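Quick caveat, the model's predicted, so the values are computed rather than measured.
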Amino acid sequence: MNLLAMITVTLVLSVILITVSFWLPLMNPDQEKLSPYECGFDPLGSARLPFSLRFFLIAILFLLFDLEIALLLPLPWGNQLPTPTLTHFWATLVLVILALGLVYEWMQGGLEWAE
């Protein structure tokens with residue numbers, strides 16, 4: 001009986017949330033909401049405009065640090081390994097290499113958006 005009540009409550013709550021999310025937003029989109037966003041460029045204009053590589057740099061840095069978090073996520077379970085100090089050493093080495101790379105990019109001016 002408890003399982004049946006939980007499934008019923010879950011289904012009712014899901015239907016209510018779907019209904020509210022369908023009717024709640026404003027249904028009068030303007031031209032800005034309907035136009036696609038293409039990194040600040042007009043999508044209907046010429047495709048031969050010069051493109052700033054700083055967009056790519058920021059995206060690559062984001063992916064790099066996102067990957068760092070994904071690599072370091074299992075680190076708390078490293079305490080149960082036979083050599084937890086070795087695991088923490090490698091994690092610290094990864095963090096130091098990434099920090100040095102960030103400092104290098106900063107010193108080279110790669111993170112400056114405007115010159």
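For Ile60, the side-chain contact (heavy atoms from CB on, under 4.5 Å) criterion is met by no residue, not counting sequence neighbours. Annotation: side-chain contact (heavy atoms from CB on, under 4.5 Å) contacts of Ile16 (sequence neighbours excluded): Val12, Val20. With sequence neighbours excluded, no residue forms a side-chain contact (heavy atoms from CB on, under 4.5 Å) with Ile69.
The hydrophobic cluster containing Leu17, built from Ile/Leu/Val/Met/Phe/Trp/Tyr side-chain heavy atoms closer than 4.5 Å, also comprises Leu13.
Atom CG of Leu102 sits about 9.5 Å away from atom CD of Glu68, to the nearest 0.5 Å.
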Show me the side-chain donor-acceptor pairs of residues 87-98 shorter than 3.5 Å, one per line, residues at least two apart or across chains.
| residue | atom | partner | partner atom | Å |
| --- | --- | --- | --- | --- |
| Thr87 | OG1 | Thr83 | O | 3.4 |
| His88 | NE2 | Asn79 | OD1 | 2.8 |
| Thr92 | OG1 | His88 | O | 2.7 |

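Listed by first and then second residue, the side-chain hydrogen bond (donor to acceptor under 3.5 Å, both in side chains) pairs that reach into residues 4-19 come to none, sequence neighbours excluded.
Under the 4.5 Å side-chain heavy-atom criterion for Ile, Leu, Val, Met, Phe, Trp and Tyr, Leu11 and Leu3 are members of the same hydrophobic cluster.
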